[in-house]
Peer 1: 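Here it is: the structure, laid out below.
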Amino acid sequence: IVIKPQFDQAQEFQDGLALVDVNFKWGMIDKTGKFIIKPKYNFLEVFSEGLAPFGNGDGYGFIDKSEKIVIPGQFYSIGYFSEGLSAVVVKDKWGFIDKTGKIVIEPKFARIESFLDGLAQVWEEKGIWGYINYQGNYVWKVSKTDTSIKPQKNLNKMSLKRMSCQ
């Protein structure tokens with residue numbers, strides 16, 4: 001046994017760290033069992049692009065590996081950072097922030113996926129969906145009346161190009 005059983009819950013190691021639960025508070029340990037992030041968060045996820053989503057009574061935000069709060073817990077829900085942006089919910093709508101917490105794509109979507117190869121799949125309330133770029137502009141948009149095309153999760157530019165050529 002490398003790490004003696006001492007946690008209420010523990011997840012698999014990712015990039016040398018594992019999420020652990022101690023008395024309903026989440027933290028992270030290294031492969032020796034040493035706490036890298038003390039168990040003090042109601043919600044904690046793995047690091048992505050150097051930041052980890054955390055949650056407390058005030059909302060969701062991001063911390064770095066030194067436990068410094070980089071983006072305060074102010075959002076109703078958050079995603080992971082991908083390509084420098086993270087999905088966030090503000091007033092029941094999804095948008096994107098950068099690593100300083102600045103909103104860079106206004107929250108106006110019912111649902112969104114993370115950016116992949118410069119594009120993010122988004123859905124609006126009225127059945128409209130498509131792909132936006134880093135500026136939040138549609139590069140491809142479909143209304144719910146177009147039944148020939150179905151949304152697919154996290155397509156890259158080549159897949160999108162092939163679909164638009166069919």
Side-chain angles (χ1 to χ4, degrees), residues 11-19 26-28 36-37 41-166:
Q11 296 185 5
E12 292 180 17
F13 281 92
Q14 293 183 28
D15 296 324
L17 300 175
L19 291 163
W26 289 93
M28 285 188 206
I36 302 303
I37 304 292
Y41 300 99
N42 296 338
F43 170 84
L44 185 64
E45 282 293 332
V46 296
F47 285 95
S48 174
E49 296 187 7
L51 298 176
F54 79 93
N56 57 28
D58 299 326
Y60 296 92
F62 290 89
I63 59 171
D64 65 16
K65 288 187 179 179
S66 70
E67 285 192 75
K68 176 184 172 203
I69 294 176
V70 177
I71 300 170
Q74 59 187 313
F75 299 104
Y76 181 74
S77 188
I78 56 178
Y80 295 97
F81 273 96
S82 176
E83 300 185 20
L85 301 177
S86 174
V88 296
V89 173
V90 177
K91 296 182 181 176
D92 296 327
K93 297 290 182 185
W94 286 92
F96 287 93
I97 60 170
D98 64 16
K99 288 186 177 183
T100 68
K102 177 184 172 196
I103 292 176
V104 294
I105 297 177
E106 288 299 317
K108 62 182 179 181
F109 301 103
R111 185 176 142 209
I112 57 180
E113 295 288 338
S114 297
F115 273 90
L116 177 66
D117 294 332
L119 299 174
Q121 191 172 9
V122 297
W123 291 261
E124 294 182 22
E125 291 291 337
K126 298 176 182 170
I128 297 169
W129 66 274
Y131 293 86
I132 60 171
N133 60 19
Y134 295 130
Q135 291 74 41
N137 300 320
Y138 277 98
V139 295
W140 194 57
K141 188 174 187 178
V142 178
S143 74
K144 75 176 182 178
T145 58
D146 185 347
T147 58
S148 65
I149 301 171
K150 303 285 186 231
Q152 296 182 24
K153 190 173 181 174
N154 283 334
L155 293 179
N156 60 26
K157 286 182 183 178
M158 287 304 292
S159 298
L160 187 58
K161 194 172 191 176
R162 281 194 298 269
M163 284 179 64
S164 64
C165 294
Q166 293 178 353

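Just so you know, these numbers come straight off a predicted model, no measurement behind them. Heads up: numbering here begins at 1 and tracks the sequence.
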Peer 1: I'd like to know whether CG of Asn137 has more than 12 heavy-atom contacts from other residues, nucleotides or ligands below 6.0 angstrom.
Peer 2: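 Yes, CG of Asn137 has more than 12 neighbouring heavy atoms, counting only those of other groups under 6.0 Å.
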
Peer 1: What are the two closest non-hydrogen atoms of Ile112 and Gly95, and how far apart are they?
Peer 2: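 Heavy-atom minimum between the residues: CD1-O, 3.5 Å.
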
Peer 1: Taking salt bridge (charged side-chain N to carboxylate O under 4.0 Å, His left out) as the cut-off, I'd like each qualifying pair that reaches into residues 71-81, sequence neighbours left out, listed once.
Peer 2: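 Residue pairs passing salt bridge (charged side-chain N to carboxylate O under 4.0 Å, His left out), neighbours aside: none found.
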
Peer 1: Tell me which pairs pass salt bridge (charged side-chain N to carboxylate O under 4.0 Å, His left out) where either residue lies in residues 98-107, with sequence neighbours left out.
Peer 2: Glu49-Lys99

Peer 1: Are Pro107 and Trp94 side-chain neighbours, meaning at least one heavy-atom pair lies under 4.5 Å?
Peer 2: no

Peer 1: Report all side-chain donor-acceptor pairs from residues 71-81 shorter than 3.5 Å, counting only partners two or more places apart or in another chain.
Peer 2:
from  : atom 1 : to    : atom 2 : distance (Å)
Tyr80 : OH     : Glu45 : OE1    : 2.9

Peer 1: Of all residues at least two apart in sequence or in a different chain, which pass the ring pair (Phe, Tyr, Trp, His ring centres under 6.0 Å) check with Phe47?
Peer 2: none

Peer 1: Quick one: are Tyr60 and Val89 in side-chain contact, heavy atoms under 4.5 Å?
Peer 2: no

Peer 1: Within the structure provided, determine whether Phe109 and Lys93 are in side-chain contact (heavy-atom separation under 4.5 Å).
Peer 2: no

Peer 1: Check whether any side-chain heavy atom of Tyr134 lies under 4.5 Å from a side-chain heavy atom of Glu83, and answer yes or no.
Peer 2: yes

Peer 1: If I take atom CD1 from residue Ile105 and atom CD1 from residue Ile132, how far apart are they, to the nearest 0.5 angstrom?
Peer 2: 4.0 Å

Peer 1: Between Leu119 and Trp140, does the side-chain contact (heavy atoms from CB on, under 4.5 Å) criterion hold? Intermediate values first, please.
Peer 2: CA-CA 10 Å; Leu119 299 174; Trp140 194 57; over 6 Å; no

Peer 1: Taking side chain as C-beta onward, heavy atoms only, is Ile63 less than 4.5 Å from Tyr41?
Peer 2: yes

Peer 1: Could you check whether any side-chain heavy atom of Met28 comes within less than 4.5 Å of a side-chain heavy atom of Gln14, counting everything from C-beta outward?
Peer 2: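 No - every pair of side-chain heavy atoms lies 4.5 Å or more apart.
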
Peer 1: Going by the rule side-chain hydrogen bond (donor to acceptor under 3.5 Å, both in side chains), which residues pair with Glu12 if we only count those two or more places apart in sequence or in a different chain?
Peer 2: none

Peer 1: Could you pull out the closest heavy-atom pair between Ala120 and Phe96, with the gap in Å?
Peer 2: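 Scanning both residues, the minimum pair turns out to be CB-CZ, 3.9 Å.
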
Peer 1: Enumerate the residue pairs fulfilling salt bridge (charged side-chain N to carboxylate O under 4.0 Å, His left out) with a member in residues 58-80, sequence neighbours excluded, ordered by first and then second residue.
Peer 2: Lys38-Glu67, Lys40-Glu67

Peer 1: Let me confirm one number: the OG-CD1 distance from Ser66 to Ile37, rounded to the nearest 0.5 Å.
Peer 2: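 If I round to the nearest 0.5 Å, the distance is 7.5 Å.
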
Peer 1: Kindly compute the distance separating CH2 (Trp129) from OH (Tyr138), expressed to the nearest 0.5 Å.
Peer 2: 10.0 Å

Peer 1: Mind checking whether Gln11 and Trp26 have side chains closer than 4.5 Å, heavy atoms only?
Peer 2: yes

Peer 1: Assess whether side-chain contact (heavy atoms from CB on, under 4.5 Å) is satisfied between Leu17 and Val46, documenting all intermediate values.
Peer 2: CA-CA 8 Å; Leu17 300 175; Val46 296; over 6 Å; no

Peer 1: Which atom pair, heavy atoms only, marks the closest approach of Ala52 to Leu44?
Peer 2: CB-CD1, 4.3 Å

